[in-house]
K.L.:
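I am attaching a structure below and will ask some questions about it afterwards.
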Amino acid sequence: MKIASWNINSVRARLENLATWLRETEPDVVLLQETKCIEDQFPREALEDLGYTVAVKGQKSYNGVAILSKFSIEDVVTHLPGDLEDLEARYIEAVVGGKTRVASLYVPNGQDVGTEKYLYKLRFFKRLYDHFQRLLSHRETLIVGGDYNVAPADSDVYDPSLFQSRLLVSPEERAGFRSLLNLGLVDAIRALYPEHNVDNSTLYTWWDYRQGSFAKNNGLRIDHLLLSPEATDKLSSAGVDRVFRGQLKPSDHAPVWCTLNMP
DNA sequence: ATGGTCGATCGTCGA
């Protein structure tokens, strides 16, 4: 089973890129973020024509997450517990193919260290911690993927000297991300590509649209696939489709993917 | 130099 996550930065503006990527890389399950439209505007039929079942959590203009699956989709959850007043479309979870649980999540960017949006980001990580702790007790094959908006280590940043305690790398954000690993979730990319054994600059998933960042490979690794122990046991390969960041009208993120050996 | 470049939507916010 191939599972991929992609911050698409508007599913309507990116439908051509998305369809090309689906045809060329053939993921079984896709976790999308920043679809940027309400559910009625989501190009459901075009994706169904490509062989996918679709589950969407939409919002006007901002955020929006979705799950595409070649297999059945059941038990859909569209709100991250822990804050009933949070109406932003940043979380969707479902069971695909009858027994594999997946979630597509879009962690708040955080605007700037110390702002109200930054505090919302840190609270979001606490909610993820509490929810994943509960999910992990079920001992399922679980994949929680998405745009975490955190570069977990300096090896995930093109120039760490430019990123000291800044947004995306601050100690509090990294602690939030690390707390999920401490629950027992495993970073699929780092499980197969340890930071001291690889060219870390090939693993970036996001490049700013500005200043020619992609041409200079000024990137960060902020999109992640986290696996439960039961999923990690099945992990066989993983990678980043960075070629799709270089196409015409690209998203500013590249897809990240992994394959699991399913019985 | 507090900029730059996108997308949604149509002046301005969010990233």
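First the proteins, then the strands, lettered A, B, ... as listed; each starts at 1. The structure displayed is predicted, hence computed values, not measured ones.
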K.L.:
I want to check one thing: is the phosphate of dG14(B), taken as OP1 and OP2, less than 4.0 Å away from some side-chain N or O of Lys117(A)?
P.N.:
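For Lys117(A), the contact criterion (side-chain N or O under 4.0 Å from OP1 or OP2 of dG14(B)) is met.
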K.L.:
Less than 4.0 angstrom from a charged side-chain N to a carboxylate O is my criterion; do Asp156(A) and Arg190(A) meet it?
P.N.:
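Salt bridge between Asp156(A) and Arg190(A), a charged N being under 4.0 Å from a carboxylate O: yes.
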K.L.:
If you check every side-chain atom of Ala13(A), which of dT5(B), dA8(B), dG4(B) has the closest atom?
P.N.:
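Between dT5(B), dA8(B), dG4(B), the one nearest the side chain of Ala13(A) would be dA8(B).
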K.L.:
Lys36(A) NZ to dT12(B) C1': how many Å, rounded?
P.N.:
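Going from Lys36(A) (NZ) to dT12(B) (C1'), I get 13 Å.
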K.L.:
Using atom CD of Gln111(A) as one end and atom P of dG14(B) as the other, report the distance to the nearest whole Å.
P.N.:
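Going from CD in Gln111(A) over to P in dG14(B) covers 7 Å.
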K.L.:
For the pair made of CZ in Arg12(A) and P in dC6(B), what is the distance, rounded to whole Å?
P.N.:
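Taking CZ of Arg12(A) and P of dC6(B), I get 19 Å after rounding.
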K.L.:
Are Asp130(A) and Arg134(A) ion-paired here, with the side-chain N under 4.0 Å from a carboxylate O?
P.N.:
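A salt bridge is absent here (no side-chain N lies under 4.0 Å from a carboxylate O).
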K.L.:
Output the single nucleotide from dT5(B), dG4(B), dA8(B) whose closest atom is nearest the side chain of Ser10(A).
P.N.:
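Of the candidates, dA8(B) comes closest.
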K.L.:
How many Å lie between CD on Glu88(A) and P on dC13(B), as a whole number?
P.N.:
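Atom CD in Glu88(A) sits about 16 Å away from atom P in dC13(B).
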K.L.:
Between dT2(B) and dA15(B), how many Å separate the two P atoms, rounded to a whole number?
P.N.:
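Here dT2(B) and dA15(B) have their P atoms 23 Å from each other.
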K.L.:
Compute both the distance and the angle, then confirm whether Lys70(A) meets the cation-pi test with Tyr52(A): under 6.0 Å from the six-membered ring centre, within 45 degrees of the axis.
P.N.:
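That pair qualifies as a cation-pi contact.
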K.L.:
Heavy atoms only, 4.0 Å cut-off, all strands: where does Phe214(A) land among base, sugar-phosphate and nothing?
P.N.:
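If one applies the 4.0 Å heavy-atom cut-off, Phe214(A) turns out to touch nothing in the nucleic acid.
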K.L.:
Measuring from the side chain of Arg210(A) (C-beta onward, heavy atoms only), which nucleotide among dC6(B), dA15(B), dG14(B) has the closest atom?
P.N.:
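Looking only at heavy atoms from C-beta outward on Arg210(A), the closest nucleotide is dA15(B).
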K.L.:
Cation over ring, Arg166(A) on Phe163(A), under 6.0 Å and within 45°?
P.N.:
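Positive - Arg166(A) is close enough to the ring of Phe163(A) and near enough to its axis.
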K.L.:
Between Lys249(A) (NZ) and dC6(B) (P), how many Å, whole number?
P.N.:
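Rounding to the nearest Å, NZ of Lys249(A) and P of dC6(B) are 11 Å apart.
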K.L.:
I need the CG-P distance between Asn63(A) and dA8(B), as an integer number of Å.
P.N.:
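Nearest whole value for this atom pair: 13 Å.
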K.L.:
Can you measure Tyr62(A) atom OH to dA15(B) atom P for me and round it to whole angstrom units?
P.N.:
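Computing the Tyr62(A):OH to dA15(B):P distance gives 8 Å.
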K.L.:
Please state how far atom CH2 in Trp206(A) lies from atom P in dT5(B), giving the value in whole angstrom units.
P.N.:
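Interatomic distance, CH2 of Trp206(A) to P of dT5(B): 14 Å.
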K.L.:
DNA chain B: Arg14(A) or Arg90(A), which has the more 5' nearest nucleotide?
P.N.:
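Taking each residue's closest nucleotide, the earlier one in sequence belongs to Arg14(A).
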K.L.:
Suppose you measure atom P in dT12(B) against the same atom in dA1(B); what distance do you get, rounded to whole Å?
P.N.:
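Their P atoms lie roughly 27 Å apart.
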K.L.:
Honestly, is Arg90(A) close enough over Tyr106(A), meaning NZ or CZ under 6.0 Å from the six-membered ring centre and within 45° of the axis?
P.N.:
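The answer is yes; both the distance and angle limits are met.
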K.L.:
On DNA chain B, compare the nucleotides closest to Val11(A) and Asn7(A); which residue's is nearer the 5' end?
P.N.:
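So the residue in question is Val11(A).
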